[in-house]
Amino acid sequence: MSPQILIGILVPFIGTTLGSSVVLFFRNTMKQSVEKLLLGFASGVMIAASIWSLLTPSIEMAEEQGMIPWIPAVVGFLLGITFLLVLDSIIPHMHLDKEKPEGIKSKLKKTTMLIFAVTLHNIPEGMAVGVVFAGVLIGNVGITIAGAIALSIGIAIQNFPEGAIISMPLRAEGMSKGKAFLYGTLSGIVEPIAACVTILLTNLVVPILPYILSFAAGAMIYVVVEELIPESQMGEHSNIGTIGVAIGFALMMVLDVALG
């Protein structure tokens, strides 16, 4: 594997790492209004990423492969929702209450599912990078090394806010800055791994990639609807969470469309 391809595979992971590092520059405590804004922002980012980074590519890829375009998107999306629903039922659901230990446990569950959903979302992104670089390796005339690296840079920029929406909530819940940064960073390590596996197994992975993309979208939407938005709307100043959703959605939509 050439150094250029290796660097290209690692670039998205670097984007996640840089986003996670944001937590290192914040104060030790976080106001509730800022936490609501971040929860809303994370929701907006994940909704936009589910549409433009996952569902739309799933439909387009299925069409290119001669499938009925909407079938992989619907099947994968519903499987992703179902998977998280089952996972959520295994982890006992507790109402959020900042005055009771149960509230802390529920917040930890919410953050765990957030990490899981973002990490799951990073897998098909890494596979997409792997498919492009596999095209470079096999000499596909429609794919250049420059174009493949440009895709990696685009995904890295998209990953920046995703790294932040992992590390910042962890810090808000009392985790040390170092650990919050580490967990945020580790959510992105699956991308280069998935890219390498895809390069090695391109012929096996590509046919099911539309389903994998939409599965990740379903998982992300479940976490947004079940965990993030409800918490951002609790108590006073719920409009702050709504503003966060709008900002996060608009930012991620621009990044996905402009860099996609």
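Worth knowing before you read on, the calculation uses all heavy atoms, side chains too, and leaves out hydrogens, waters and symmetry mates.
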(message) If you apply the rule side chain to side chain contact (heavy atoms under 4.5 Å, CB included), what do you find for Phe133 with Ile149, and how did you get there?
(response) CA-CA 9 Å; Phe133 279 104; Ile149 291 176; 4.1 Å; yes

(message) Assess the residue pair Ile51 and Thr56 against the criterion (side chain to side chain contact (heavy atoms under 4.5 Å, CB included)); give the C-alpha distance rounded to whole Å, side-chain angles, the decisive distance to 0.1 Å, and a yes or no.
(response) CA-CA 6 Å; Ile51 297 170; Thr56 299; 4.2 Å; yes

(message) I'd like to know whether Val75 forms a side chain to side chain contact (heavy atoms under 4.5 Å, CB included) with Tyr211, so could you lay out the CA-CA distance, the side-chain angles of the two residues, the decisive distance to 0.1 Å, and finally the verdict.
(response) CA-CA 7 Å; Val75 172; Tyr211 291 93; 4.0 Å; yes

(message) Evaluate Leu54 against Met220 for side chain to side chain contact (heavy atoms under 4.5 Å, CB included), listing each step before the verdict.
(response) CA-CA 10 Å; Leu54 298 170; Met220 291 185 74; 3.9 Å; yes

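Hydrophobic clustering of Ile, Leu, Val, Met, Phe, Trp and Tyr side chains at less than 4.5 Å, counting indirect connections, keeps Val245 apart from Met46. Connection of Leu213 to Leu55 is established within a shared hydrophobic cluster, with ILVMFWY side chains joined at heavy-atom distances below 4.5 Å, either directly or through further cluster members.
In this structure, the side chain of Ser20 engages the main chain of Thr185 through a donor-acceptor pair within 3.5 Å. Remark: the backbone N or O of Gln233 is not paired with any side-chain donor or acceptor of Ser238 at under 3.5 angstrom. Of the possible polar contacts, none joining the Ser232 side chain to the Gly241 backbone as a donor-acceptor pair under 3.5 Å is found. For the pair Asn159 (side chain) and Gly19 (backbone), a donor-acceptor distance under 3.5 Å is absent. Proximity of a side-chain donor or acceptor of Ser152 to a complementary backbone N or O of Gly8 within less than 3.5 Å is detected. Side-chain atoms of Ser58 come within 3.5 Å of backbone atoms of Pro210 as a donor-acceptor pair (strictly under, hydrogens ignored).
In this structure, Ile240 and Ser33 approach most closely via the heavy-atom pair CG2-O, 3.4 Å. Contact record, Pro72 with Met67: CG-SD, 3.6 Å, taken as the closest heavy-atom pair. Closest approach of Ala219 to Leu84, counting heavy atoms only: CB-CD2, 3.4 Å. Taking both residues in full, the closest heavy atoms of Thr16 and Ser187 are given as CG2-OG, 3.8 Å, listed atom of the first, atom of the second, then distance. Here the shortest heavy-atom pairing between Glu191 and Pro12 reads OE1-CB, 2.9 Å. Shortest non-hydrogen contact noted between Phe181 and Leu24 is CB-CD2, 4.1 Å.
Distance check: Asn239 CG to Leu37 CG gives 10.5 Å after rounding to the nearest 0.5 Å. With rounding to the nearest 0.5 Å, the separation of CD1 in Ile115 from CG in Leu186 is 9.5 Å. Atoms CG and OG, from Leu209 and Ser214 in turn, are 9.5 Å apart once rounded to the nearest 0.5 Å. Here the CD atom belonging to Glu64 is positioned 12.5 Å from the CD1 atom belonging to Ile59, to the nearest 0.5 angstrom. A distance of 11.5 Å separates CE in Met127 from CD1 in Ile199, rounded to the nearest 0.5 Å. To the nearest 0.5 angstrom, Lys179 atom NZ is 12.0 Å from Arg171 atom CZ.
At most 12 heavy atoms of other shown residues, nucleotides or ligands fall within 6.0 angstrom of atom CD in Gln4. With a 6.0 Å radius and a threshold of 12 heavy atoms from other residues, nucleotides or ligands, Trp70 has its CH2 atom at or below the threshold. Counting heavy-atom neighbours within 6.0 Å of Tyr183 OH, excluding the residue itself, gives a total of 12 or less.
In this structure, Phe215 and Phe83 have tilted ring planes: the angle between them lies in the 30° to 60° band.
In this structure, the side chains of Ile221 and Phe77 come closer than 4.5 Å at one or more pairs of heavy atoms. Under the 4.5 Å side-chain criterion, counting only non-hydrogen atoms from C-beta, Leu170 is in contact with Ile166. Looking at Asn122 and Phe13, their side chains never come closer than 4.5 Å, going by heavy atoms from C-beta outward.
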